[in-house]
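Have a look at the structure below, then the notes.
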Protein chains: 2
Amino acid sequence: MPNKKDPKQNILDTSIALIAKKGFSAVGVREIAKKSKVNISMISYYFGGKTGILKAIIETYFTLVGDILKDIIDVDLPAETELKKVITGLVKLINEKENLCRVALLEMPLDVPEIANYKLEMVKRNMRFVGKKLEDGFNISDKTKHVIIGHAFISLVYSNFIFGKLRRKEFNIIFDDKFFETYTDIITTIFLHGVYGINDVCCPDKRNQKNKNNKK
Amino acid sequence: MPNKKDPKQNILDTSIALIAKKGFSAVGVREIAKKSKVNISMISYYFGGKTGILKAIIETYFTLVGDILKDIIDVDLPAETELKKVITGLVKLINEKENLCRVALLEMPLDVPEIANYKLEMVKRNMRFVGKKLEDGFNISDKTKHVIIGHAFISLVYSNFIFGKLRRKEFNIIFDDKFFETYTDIITTIFLHGVYGINDVCCPDKRNQKNKNNKK
DNA sequence: AAATAAATCAAACAATCGTTTGATTAACAA
DNA sequence: TTGTTAATCAAACGATTGTTTGATTTATTT
């Protein structure tokens, strides 16, 4: 795997692959070092310790997600269009960096408050984004619903990758660009039709009035 | 935590709580034994080793899910009604045994083929169930879509619990029965409206013809 | 070329890992 | 009660954990 010259990046890349596969605690520094073809001590040298790797991974992920959201927020678009773009952007990110996303999403080191708190803050920030869109574009203002739908949104977008380990060879599907296109379409459709359904509004594509519907 | 007399059950209960919180590899047998108030050797004695605990957890979970599905399949109902009942049943299970579900769902010990293969088989079985419902009740026959929507289904149902660690205190929401009722409603609505959306069919509640719509 | 800094290395650190042993106690059957 | 099995225990097993040390090599600067 490590073909590049940069040892720090090698460690990071190897770690992402290993942690995505086995979980953070199950991966040892010796295994990382060996596969990265660097000395064990280089991990502490570059990352200050094993947890430093996880920190770097999680920070990288939320920076990438932040960039995606920022680009979309900057242009002023209807909430529905924005959500569509967010889904497309996130699926693209998953497609490109599946392991990174997996690790950042599923690992939650409660014993390292620095990382745990950072991640919590980022999740809350992203949740606030979804909540705002639900309020602006879908007339859903109840905070409890925001939390439920917010989590549903993330789970939906990442659905094929959270449990992805299994499926790779078992469901014989080719994960090409066409798959990701289909995937994006289906997830977008489910979420938008689903959320409109909460407000008893149907056929979002054909709908022409806006914000005139009542809550369920 | 261990108030009961049965040491085996104590070990299991403690393990479920700990593994749900920190992940299987991050939990040590000494920690389990201490909190269970049993001797360390009792773990090997009752479960044959640490991985035996995980095996027991995962088997318990899929047995419970199997029972839920069986009860629903036995009565002959329309696909939509069946899916509604499945969601209700699963959310109820999550409500009652959140930690068990978390562990069984997220832990995938690839280094223990016996458990990994068992889990894979169970997931495939449940996936086949959803696939059949999509075919029967929603005119969706494409296998790739079955996989995508099947994963989406599971992710949706479990959405508030996969990332639940964080949210507990942070989003100040009371997780009472009313919450789980709202949660079930929202998830059901999103999924059903969402899947009907894939077929360009709107307002599933108001729809009165069946299986007469074309695929997108 | 000499001096300074950065990077890499093998080796050892204490701590913890899961498991096993063999003795001891508790429970139950004959 | 005696004999037998089941359950529990402290202690130790070797292996592995993440981290650090101090020497050595490589790279950069003076």
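Side chains are part of it too, since the values below use all heavy atoms of this structure and drop only hydrogens, waters and symmetry mates.
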Give each protein N/O atom lying under 3.5 Å from an N/O atom of nucleotides 23-26 of chain D, with the pair distance.
none

Salt bridge flag under 4.0 Å for residues A/Glu98 and A/Arg102: no
salt_bridge(B/Glu121, B/Arg125) N-O dist < 4.0 Å: no
Rounded interatomic separation in angstrom, taking CG from B/Asp6 and P from C/dA27: 14 Å
If you draw a 6.0 Å radius around CG in A/Asp177, do more than 12 non-hydrogen atoms from other residues or ligands fall strictly inside? no
Please tell me whether B/Phe161 and B/Tyr183 form a close aromatic pair, meaning their ring centres lie under 6.0 Å apart. yes
Heavy-atom distance under 4.5 Å between the side chains of B/Leu90 and B/Val86, does that happen here? yes
Beyond-backbone contact of A/Phe62 with A/Asn126, side-chain heavy atoms, under 4.5 angstrom: yes
With a cut-off of less than 4.0 Å, is there a side-chain N or O of A/Tyr45 near OP1 or OP2 of D/dT19? no
Test A/Ile32 against A/Ile53 for side chain to side chain contact (heavy atoms under 4.5 Å, CB included), laying out the working first. CA-CA 11 Å; A/Ile32 294 173; A/Ile53 298 177; 4.1 Å; yes
Pairs: protein N or O with nucleotides 11-13 of chain C N or O, under 3.5 Å:
none

Separation of C/dT16 atom P from B/Ile32 atom CD1, nearest Å, is 16 Å
So B/Phe47, base contact, sugar-phosphate only, or nothing? Heavy-atom distance under 4.0 Å. nothing
Between C/dT8, D/dG18, C/dG18, which nucleotide has the shortest distance from any of its atoms to the side chain of B/Lys50? C/dG18
Indicate whether the side chain of B/Ser25 and that of A/Ser25 have a donor and an acceptor atom separated by less than 3.5 Å. no
In this structure, which stretches of DNA chain D are paired as stems of three or more consecutive Watson-Crick or G-U pairs, both distances less than 3.5 Å? C:2-28 with D:3-29
Quick one: does B/Lys37's side chain get under 4.5 Å of B/Thr14's, heavy atoms only? no
Measure from the side-chain heavy atoms of B/Ser44 and tell me the nearest of D/dT8, D/dG18, C/dT20. C/dT20
So, do B/Asn95 and B/Phe175 sit near enough that their side-chain heavy atoms are less than 4.5 Å apart? no
Can you figure out which of C/dT19, C/dT8, D/dA7 approaches the side chain of A/Pro7 most closely? C/dT8
One thing to verify: whether B/Lys35 and B/Glu31 come together as a salt bridge, which I'm taking to mean a side-chain N less than 4.0 angstrom from a carboxylate O. no
